[in-house]
Amino acid sequence: MDAVEVLKTRRSVRAFTREPVAKEVIEDIVDCGRLAATAVNIQPWEFVVVTDTEMRRRIARTTDYGKFIADAPVCVVVLCRETKFYLEDGSAATENILLAARAHGLGSCWVAGDKKSYSAEICRLVGAPPSYKLVSLIPIGYSTESPEKAKRPLPDVLHWEKY
Ligand SMILES: Cc1cc2nc3c(=O)[nH]c(=O)nc-3n(C[C@H](O)[C@H](O)[C@H](O)COP(=O)(O)O)c2cc1C
């Protein structure tokens, strides 16, 4: 799949097989997160890869709309040091990870972290230092579904020269 096809075919996946994901594949996916655009090249991120079943279950239980984290073999926890643009930086890294997962033939979903009431509890669960914020949780695995989502058509959102 070329890069544009990866971008255009990525969809949120919330159902996974039990098949484990190879360590090198997970490392490559996180490496793509590491290389995301970041304001003033600060790179405030840290990525915690959770494969332990009990820990994934605890994380899943703590969330509201992320219960399916328990069913994915991997969950990447995206943390950022609280800098001025931590949310933009962490979001860019999150999107890179979603796209890299897709390029590796894996499904994933962005589960909210920032601004959620459970974010401090998840930071505590994964042992994040006090000044770190939870940006997102990303369950990753081989998909058992091919979800489609209605998208706004290009002519509705594309404005040439002026709105
Ligand atoms: C900031 C953000 C937070 C999200 N949080 C959740 C979440 O907590 N649980 C969930 O199932 N999906 C979550 N999503 C995924 C969206 O529901 C999904 O991207 C949207 O419905 C569009 O579908 P698509 O990703 O398949 O294109 C989140 C996405 C973003 C960008």
Side-chain angles (χ1 to χ4, degrees), residues 6-7 10-145 147 149:
V6 167
L7 280 151
R10 181 219 55 82
R11 293 292 177 275
S12 294
V13 166
R14 300 178 179 87
F16 306 92
T17 70
R18 288 174 186 275
E19 190 179 340
V21 182
K23 189 165 184 254
E24 313 80 69
V25 172
I26 299 170
E27 283 178 348
D28 194 52
I29 289 170
V30 173
D31 203 31
C32 292
R34 176 183 73 87
L35 296 168
T38 160
V40 210
N41 200 26
I42 286 184
Q43 307 170 61
W45 41 58
E46 304 290 335
F47 307 95
V48 180
V49 175
V50 181
T51 58
D52 179 73
T53 306
E54 188 43 41
M55 184 62 144
R56 276 186 296 97
R57 284 185 183 150
R58 286 169 76 178
I59 290 172
R61 274 200 303 271
T62 308
T63 68
D64 44 13
Y65 297 108
K67 306 292 185 205
F68 51 91
I69 289 170
D71 308 324
V74 178
C75 179
V76 179
V77 180
V78 180
L79 302 167
C80 277
R81 189 158 44 82
E82 197 174 357
T83 57
K84 183 173 180 184
F85 292 110
Y86 81 88
L87 189 52
E88 290 86 344
D89 291 352
S91 295
T94 299
E95 185 70 12
N96 271 17
I97 288 172
L98 301 180
L99 294 169
R102 173 73 184 151
H104 277 284
L106 290 154
S108 67
C109 183
W110 183 327
V111 174
D114 191 75
K115 294 189 275 289
K116 284 293 201 174
S117 57
Y118 54 74
S119 67
E121 175 60 10
I122 288 178
C123 284
R124 193 192 63 75
L125 280 174
V126 300
S131 60
Y132 278 72
K133 307 278 278 183
L134 175 70
V135 173
S136 63
L137 299 159
I138 315 175
I140 299 174
Y142 292 95
S143 173
T144 59
E145 59 176 10
K149 267 285 160 86

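Note that the coordinates shown come from a computational prediction; the quantities given were computed from them, not determined experimentally.
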Do Val135 and Leu79 have side chains that get closer than 4.5 Å, going by heavy atoms?
no

Stepwise, does the salt bridge (Lys or Arg N to Asp or Glu O under 4.0 Å) test hold for Arg61 with Glu54?
CA-CA 11 Å; Arg61 274 200 303 271; Glu54 188 43 41; 3.7 Å; yes

Please confirm whether the backbone N or O of Arg14 pairs with a side-chain atom of Glu145, one donor and one acceptor, at under 3.5 Å?
yes

Polar side-chain atom of Ser119 near backbone of Lys115 as donor-acceptor pair, under 3.5 Å:
no

Between Val76 and Ile140, is any pair of side-chain heavy atoms under 4.5 Å apart?
yes

Within 6.0 Å of CZ in Arg10, more than 12 heavy atoms from elsewhere:
yes

Of Cys109, Ser108, Pro147, the one forming a side chain to side chain contact (heavy atoms under 4.5 Å, CB included) with Ser12 is Cys109

Within the structure provided, determine whether Val78 and Phe47 are in side-chain contact (heavy-atom separation under 4.5 Å).
yes

Any Asp64 side-chain heavy atom under 4.5 Å of Lys116 side chain:
yes

Report, as yes or no, whether the 6.0 Å neighbourhood of atom NZ on Lys23 holds more than 12 heavy atoms from other residues, nucleotides or ligands.
no

State the SG-CZ distance between Cys75 and Arg57, to the nearest 0.5 angstrom.
14.0 Å

Any side-chain heavy-atom pair of Val50 and Leu137 under 4.5 Å:
no

Nearest 0.5 Å please: distance from the CZ atom of Phe16 over to the CZ atom of Phe68.
6.5 Å

Supply the atom-to-atom distance Thr144 OG1 to Glu19 CD, rounded to the nearest 0.5 angstrom.
12.0 Å

Pair Leu125-Val77, side-chain contact (heavy atoms from CB on, under 4.5 Å): steps then yes or no
CA-CA 11 Å; Leu125 280 174; Val77 180; over 6 Å; no

Could you grab the distance from atom CD1 of Ile138 to atom CD1 of Ile97, nearest 0.5 Å is fine?
4.0 Å

So, do Asp114 and Lys133 sit near enough that their side-chain heavy atoms are less than 4.5 Å apart?
yes

Whether Asp71 side chain and Ala15 backbone form a donor-acceptor pair below 3.5 Å
no

With no hydrogens and no angle check, is any side-chain donor or acceptor of Arg56 less than 3.5 Å from a backbone partner on Ala70?
yes

In short, side-chain hydrogen bond (donor to acceptor under 3.5 Å, both in side chains) pairs touching residues 33-49 with sequence neighbours left out are Asp31-Arg34, Thr38-Asp89, Asn41-Gln43

Considering only heavy atoms from C-beta outward, does the side chain of Phe85 approach that of Val40 to under 4.5 Å?
no

So, do Cys32 and Leu99 sit near enough that their side-chain heavy atoms are less than 4.5 Å apart?
no

